[in-house]
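Data first, discussion second: the structure below is written as structure tokens.
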Amino acid sequence: MGHFLPSNHSSKANTLTMSAVQETAFQEKIDAELKIEAKDWMPDKYRLHLIRQISQHAHSEVIGMQPEGNWITRAPSLRSKMVLIAKVQDEAGHGLYLYSATETLGITRSELIEQLQMGKAKYSSIFNYPTLTWADMGAIGWLVDGAAIVNQQSLRRTSYGPYSRAMIRICKEESFHQRQGYEIMSKMSNGTTEQQEMAQDALNRWWWPSLMMFGPADSESAHTSNAMKWKIKRGTNDDLRQLFIDRTVKQAELIGLEIPDPDLKWNPKTKHYDFGEIDWEEFWEVVNGNGFCNKERINNHIKARSEGQWVREAALAYSEKKQNGV
Amino acid sequence: MSNNNLPTWEVFIQPKTGASFEHAGNVHASDKEMALQNARELYTRRQEGTCIWVVKTEDIVSSNPEDQQSFFDPADDKLYRYPTFFKVSKKAKGL
């Protein structure tokens, strides 16, 4: 791929436009597994794809603080409260790493936030589902973070340097999140009958939305082809989804929970689990704004942002005042 | 929507005493004190460092990746800067 310069390129190269030459060099770099850095030449579509993907990822981290933040004041023990606060703080941090990476592509933080609040930029639909019981904290950590980790581990090898570095940092921090969730699920499924039922109920509600986190099937995904060629994405939606399922089934068995899919079954030929049909209608409903919590999540974000406005203004005014020696 | 972006600062962390400072990422902050505090909250939540530097992004001067070849040209024909350039008898020890 990318080696379309003929051997007598001295004469032919002149006829190629500058950007075609640059694009060839760009693709050769990608093919050689070299990272693209912020100041390197890149095709506009690569830049736009990255802005869309990384900012969506950043928004997901930030909006993802809400469903869990919902349970901080009601955590069942001081230990679980401290852990949950630390986890939510990490999500804020992950959002910031990713905003920083996006800003290297020439877009400002406030433009990104505006896109989120106007509904022009998306975030992961999983965060539009409500967190009804404490067991949901377990299910989110175990399944939602578990699915995110599969995706993020793959993205450590993404071709854009700042994105890759953010992913490496995030992956290091994220594994505590999944263990935290699995610990809650495992405690509850070893607890009273009522606790066991809560854990199973949480798994029932979060299982399918977690599978949807990997996005549409490869045959339907609008963004996959260039993303793979440019190595922005390193695994397809379907492959990553399968990896997640294969990992998770045994974890569920171990704590005596049942995955809510009658078609789920080990396939000795493929060495993977076969699974049932995903309800894509539900997926698109939620993506298009009709989930349980879409409006609440964005309204909370707008409220928090506008209530913090005076702080940013005061900080800037203070810094100007100091610079002017007043 | 208001447009007051706080300026960005690049963050460098020394992972342990005696080690080189490494670039970690950046933060938004209105002044250097806030930049240091934000950098601590964002990049050292797990004891990743013993010391932090912050410097305004706009104050960093970078070479241009497009000029990489010509910019580093003075170094690419001076093999005598490497120890392997010199042939020394195997009997000579401690070199």
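As the structure is a prediction and not an experimental result, all values here were calculated from the model. Just the heavy atoms: all of them, side chains too, but no hydrogens, waters or symmetry mates, feed the values below. Below, read A as the first sequence line, B as the second, and so on, with proteins coming before strands; counting in each chain starts at 1.
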Could you tell me the separation between the [atom1] atom of [X] and the [atom2] atom of [Y], rounded to the nearest 0.5 Å?
X: A:Y318; Y: B:M34; atom1: OH; atom2: CE; answer: 10.0 Å
X: B:D31; Y: A:Q323; atom1: CG; atom2: CD; answer: 9.0 Å
X: B:L42; Y: A:S100; atom1: CG; atom2: OG; answer: 7.0 Å

When only pairs under 4.5 Å are counted, which of B:A24, B:G25, B:P7 shares the most heavy-atom pairs with chain A?
B:A24

Going through the distances and angles, do A:K322 and B:K32 end up as a side-chain contact (heavy atoms from CB on, under 4.5 Å)?
CA-CA 11 Å; A:K322 269 200 311 187; B:K32 52 192 178 185; 6.0 Å; no

Would you find more than 12 non-hydrogen atoms of other residues, nucleotides or ligands less than 6.0 Å from B:F86 atom CZ?
yes

Other residues, nucleotides, ligands: >12 heavy atoms within 6.0 Å of B:K16 NZ:
no

If every non-hydrogen atom of B:S30 is compared with every non-hydrogen atom of A:A315, which pair is closest and at what distance?
OG-CB, 3.3 Å

Shortest non-hydrogen pair, A:E103 vs B:T8, comes out as OE2-CG2, 4.4 Å

For a 4.5 angstrom cut-off between non-hydrogen side-chain atoms, does A:L316 reach B:L6?
yes

Does the side chain of A:R169 reach to within under 4.5 Å of the side chain of B:Y43, using non-hydrogen atoms?
yes

Heavy-atom distances under 4.5 Å only: say whether B:A29 touches chain A with side chain, backbone, both or neither.
neither

Which residues in residues 62-76 of chain B have any heavy atom closer than 4.5 Å to a heavy atom of chain A?
B:S62, B:S63, B:P65, B:E66

Between A:E173 and chain B, with a heavy-atom cut-off of 4.5 Å, which part of the residue counts as in contact: side chain, backbone, both or neither?
both

Is there a salt bridge (Lys or Arg N to Asp or Glu O under 4.0 Å) between A:D90 and B:R46 once you walk through the steps?
CA-CA 11 Å; A:D90 271 355; B:R46 290 175 176 77; 2.4 Å; yes

Working note: A:K172 + B:E48, criterion salt bridge (Lys or Arg N to Asp or Glu O under 4.0 Å); need CA distance, chi angles, decisive distance, verdict.
CA-CA 12 Å; A:K172 273 189 201 155; B:E48 286 91 341; over 6 Å; no

